[in-house]
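Here is the structure we will look at, set down as structure tokens.
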Amino acid sequence: MFWCAVWLPLLAMTLLAQQPRPKIGLALEGGGALGLAHIGVLEWLEEKHIPVDYIAGTSMGALVGGLYASGMSTKEIRGLLDRLDWDLLLGGQVPFASLSYRRKEDRLSYPNRLELGLRGGSFQFPAGLNSGHDLNLLFHRTTIAYSAMNSFDELPIAFRCVATEMIGGKETVFDSGSLAEALRATMSLPAIFQPAEADGKVFTDGGTLNNLPVDVVRRMGADIVIAVHLSTGPVDPKQLRTLLGVLGRTVSIVISTNEMRNMQLADIVVVADLKGLTTSDYKKYAEFADRGRSGAEKKKNLFTRLALTKEEYEQHLAARERRKRTAPKKADFVEVEGNPKIDAALERRLERLTESEVSIPALEKELTRAVGQGRFDHMGYRFIRRDGATGLLVSAHEKAHGPPFFLPAVEVDGKDQANVGFLFLSRFTFLDLGGYRSELRTDLSFGSRYGIATEYYRPIREQSPVFVAPRAYSQDAKLEIYSGGARAAEYRLREYGAAIDVGATFSRFAELRAGYNAAHISARRRIGDPYFEERGIRSDTASVRFNYEGQDDAVAARRGLRAFTTLRYFPQHHFYQHETRFNVAHPISEKGSVVYGISGGTSFGETNVGVRFFSLGGPLRLGAYGPNELLGSDYAVLTGGYLRDVWKLPPLVGDRVSIVGLAQAGKIRGDSAHTGVPLSGTGLFVARTWLGPVYLGGSWGDRGHRSWFFGLGRIF
């Protein structure tokens with residue numbers, strides 16, 4: 001009996017000590033920027049030596065959880081967030097500098113974010129406002145080491161993420177395949193990001209069906225499930241007084257219903273109090289993380305029994321570290337999935353990049369430039385193994401809504417508040433019509449200008465920079481002439497003609513053209529004093545033109561050079577004209593840039609140039625003077641100023657708001673009303689919105705000249 005009394009307790013203690021510890025799983029809720037609070041929860045668990053064996057998440061919860069599950073530390077995740085350009089990720093547009101030359105022309109002429117397609121005889125909208133290209137690159141970059149996995153259980157921490165399969169309307173739990181594509185699917189917020197597609201299925205954000213996947217973690221094998229709930233506090237009734245507020249609250253009610261159901265299945269619920277923060281406050285990740293830490297600290301008594309000793313936790317971390325993988329440094333071959341002709345051209349460029357070690361930044365820059373050609377929504381990449389060799393596989397997702405593409409625009413011209421002009425514009429672009437890289441581009445306009453212009457752009461060979469471009473056009477435009485700040489005359493200027501150019505495009509930045517334009521032009525006076533002879537004339541033009549587009553924005557650039565020069569000869573009138581415009585933006589701080597430029601033109605002594613005049617006046621062309629107030633055969637303008645970004649617009653509204661201040665001095669020959677040096681100072685606000693730039697400004701000049709103006713659309 002004595003020995004039983006001694007050994008039985010010892011045996012029981014030994015058996016208990018040999019029992020495996022309970023497996024712990026995390027369920028991380030989705031919620032846009034709110035999900036950044038999960039970083040603080042993970043940090044707190046690490047500090048308290050709480051092991052994590054399973055993670056499942058939705059949307060932002062999946063992104064944070066997926067990065068952590070793939071072996072990134074919380075410190076590394078914070079470092080990644082600190083480097084991210086959230087405006088680029090959420091804005092959804094390829095940077096202007098990365099666009100091909102012809103797509104830059106589109107953005108300059110149509111500086112908005114409206115692009116429709118023509119499919120099946122009807123207009124097609126994109127499936128989302130944001131194509132997700134930069135997010136896609138982020139997912140592939142951070143998970144590249146795990147390109148080839150049979151199961152997400154092979155990650156350092158077993159992982160699952162939840163998405164909604166739109167065709168069947170069912171929840172989908174990703175447990176294998178491409179980790180990057182799984183994260184892309186669970187982050188595809190409907191109408192904001194374009195859906196992810198795989199195996200004939202369409203996936204969007206999983207939040208509407210399972211925003212807090214406790215049940216998923218339980219099925220993975222977790223003995224104890226910790227759910228992290230993101231709370232923003234009670235709803236303010238004032239938020240329900242708008243259409244968007246009511247719709248947003250309706251969706252949140254649906255989501256919160258499935259969250260409450262899953263919270264009841266959890267063993268521990270950590271509540272991150274995020275009152276005062278919003279789903280779009282991505283740059284406040286540090287504050288989100290602090291709120292997450294506070295939420296975990298409030299439940300510390302429940303976590304005590306789950307903590308490991310220091311030695312046990314170090315063993316746990318070592319086992320996790322052994323499961324980490326590293327990405328290959330070199331690719332033996334490159335393969336591109338998509339259009340065969342595009343594949344071949346892109347593969348040749350990528351092969352040069354991968355001759356030695358694979359440079360991920362250089363690879364992503366090349367893929368972004370490929371998307372900048374306008375054919376693709378997004379691109380991704382991963383490593384594959386084939387026949388004992390390591391290859392780089394690039395996936396290119398072509399736009400579903402086009403080609404052909406339709407670009408609409410509206411311009412409001414408020415240079416004269418008593419005579420506000422409206423213009424409706426559209427551009428139709430057909431790609432590969434008659435050959436790869438060829439384009440048929442047609443512009444239509446009606447309002448203050450009526451016109452149609454069609455150009456067929458055809459490279460002489462598929463990959464050649466040399467092209468031919470025949471075109472035809474007809475337009476009837478309003479030409480207003482001002483004097484002393486008031487409208488002195490209005491003409492209808494009519495012109496039609498046909499032309500052919502031969503030229504070459506130099507990378508994404510420059511184009512050289514030479515051509516001949518056969519035209520008929522006439523000016524018909526409607527009101528005011530006569531300025532031109534009112535009869536139709538033949539007015540052909542032979543020209544050589546060079547454009548350089550090296551700035552970083554189509555509306556108000558922060559850096560880069562934009563230059564244009566042309567030499568024209570008018571054979572019917574026997575005179576030449578030359579014009580050059582040169583503008584530079586140079587950043588001097590994080591938000592500010594100095595801008596300066598020079599422009600000038602000459603008719604080489606000819607003064608009787610008719611309607612082929614140079615003009616000054618209007619915004620950015622000596623704005624204190626009215627449009628076309630200064631006319632002549634020769635001119636020069638010097639410009640200097642400052643541009644500063646002052647406010648970021650919400651991604652669904654636009655980009656940013658800038659203030660611009662300009663000082664200009666000019667000279668024009670041929671205008672008898674002004675024999676001195678016209679001066680003008682201009683200040684304006686420019687807001688880049690989805691519909692185009694909205695601007696408001698005023699100018700003050702010499703001799704009492706002043707004006708104010710507003711508008712929507714192109715400023716220049």
Looking only at heavy atoms, what is the nearest atom pair of [X] and [Y], with distance?
| X | Y | value |
| --- | --- | --- |
| N547 | F564 | OD1-CD1, 2.9 Å |
| I39 | V64 | CG1-CG1, 4.0 Å |
| F405 | L431 | CE1-CD1, 3.9 Å |
| A556 | L643 | CB-CD1, 3.4 Å |
| A97 | F509 | O-CE2, 4.5 Å |
| R644 | S589 | NH1-OG, 3.9 Å |

I'd like to know if the side chain of H140 pairs up with that of E364 as donor and acceptor (distance under 3.5 Å, no hydrogens or angles considered).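 No - no donor-acceptor pair under 3.5 Å links their side chains.
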
Do E629 and H705 have side-chain N/O donor and acceptor atoms under 3.5 Å apart?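 Their side chains do contain a donor-acceptor pair, which is all the 3.5 Å distance test asks for.
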
Give a yes or no on this: more than 12 heavy atoms of other residues, nucleotides or ligands lie within 6.0 Å of atom [atom1] of [X].
| X | atom1 | value |
| --- | --- | --- |
| Q417 | CD | yes |
| R559 | CZ | no |
| F125 | CZ | no |

For [X], which residues count as a salt bridge (charged side-chain N to carboxylate O under 4.0 Å, His left out) partner, sequence neighbours excluded?
| X | value |
| --- | --- |
| R291 | E287 |
| D655 | K648 |
| R558 | D645 |
| E579 | R581 |

Without swapping roles, check the side chain of [X] against the backbone of [Y] for a donor-acceptor pair under 3.5 Å.
| X | Y | answer |
| --- | --- | --- |
| H38 | G292 | no |
| T566 | V544 | yes |
| Y110 | S426 | yes |
| D552 | A557 | no |
| Q551 | G560 | yes |
| R449 | L423 | no |

Separation of [Y] [atom2] from [X] [atom1] (nearest 0.5 Å):
| X | Y | atom1 | atom2 | answer |
| --- | --- | --- | --- | --- |
| R184 | L179 | CZ | CG | 14.5 Å |
| S109 | R714 | OG | CZ | 5.5 Å |
| S707 | L622 | OG | CG | 10.5 Å |
| K330 | L392 | NZ | CG | 11.5 Å |
| S98 | E366 | OG | CD | 10.0 Å |
| S599 | L620 | OG | CG | 11.0 Å |

Only pairs at least two apart or in different chains count here, so list each salt bridge (Lys or Arg N to Asp or Glu O under 4.0 Å) that has a residue in residues 680-691. D553-R688

side-chain hydrogen bond (donor to acceptor under 3.5 Å, both in side chains) partners for E105, two or more places apart: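 side-chain hydrogen bond (donor to acceptor under 3.5 Å, both in side chains) list for E105, sorted by chain: R441.
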
Could you list the residues that satisfy side-chain hydrogen bond (donor to acceptor under 3.5 Å, both in side chains) with R568, not counting sequence neighbours?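 Once residues adjacent in sequence are excluded, the partners of R568 under the side-chain hydrogen bond (donor to acceptor under 3.5 Å, both in side chains) criterion are Q577.
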
Check: [Y] and [X] side chains under 4.5 Å, non-hydrogen atoms:
| X | Y | value |
| --- | --- | --- |
| L88 | P95 | yes |
| Y625 | D702 | yes |
| V595 | N583 | no |
| M187 | F139 | yes |
| V371 | L367 | no |
| F288 | L274 | yes |
| D443 | L425 | no |
| E398 | F376 | yes |

Excluding sequence neighbours, so at least two apart, what forms ring pair (Phe, Tyr, Trp, His ring centres under 6.0 Å) with F614?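 Applying ring pair (Phe, Tyr, Trp, His ring centres under 6.0 Å) to F614 gives Y635.
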
How would you list, by chain and number, every residue that makes a ring pair (Phe, Tyr, Trp, His ring centres under 6.0 Å) with F424, sequence neighbours excluded? F446

Determine, stepwise, if the pair L138 / L183 fulfils side-chain contact (heavy atoms from CB on, under 4.5 Å). CA-CA 10 Å; L138 171 65; L183 295 176; over 6 Å; no

Is [X] salt-bridged to [Y], going by a charged N under 4.0 Å from an acidic O?
| X | Y | answer |
| --- | --- | --- |
| E455 | R513 | yes |
| D106 | R103 | yes |
| R382 | E181 | no |
| K399 | D377 | no |
| R562 | E549 | yes |

Check step by step if side-chain contact (heavy atoms from CB on, under 4.5 Å) holds for L116 and H401. CA-CA 7 Å; L116 285 71; H401 61 283; 5.6 Å; no

What is the ring orientation for F709 with Y695, classed by angle as parallel under 30°, tilted 30 to 60°, or perpendicular over 60°?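 Aromatic pair F709/Y695 classed tilted.
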
All pairs passing ring pair (Phe, Tyr, Trp, His ring centres under 6.0 Å) where residues 79-99 contributes a residue, at least two apart: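 Listed once each, the pairs are W86-Y282.
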
Residue set satisfying side-chain contact (heavy atoms from CB on, under 4.5 Å) with I144, at least two apart, ordered chain then number -> S147, A327, Y381, F383

Please lay out, stage by stage, how E511 and F467 fare under the test side-chain contact (heavy atoms from CB on, under 4.5 Å). CA-CA 10 Å; E511 182 183 83; F467 63 87; 3.7 Å; yes

Taking distance alone, no hydrogens or angles, what donor-acceptor pairs closer than 3.5 Å link side-chain atoms of residues 676-687 to residues at least two apart or in another chain?
unit_1	atom_1	unit_2	atom_2	d
S680	OG	G623	N	3.2
S680	OG	A624	N	3.1
T682	OG1	S699	OG	2.7

Candidate pair L561 and F582, rule side-chain contact (heavy atoms from CB on, under 4.5 Å), full reasoning: CA-CA 7 Å; L561 165 68; F582 180 91; 3.4 Å; yes

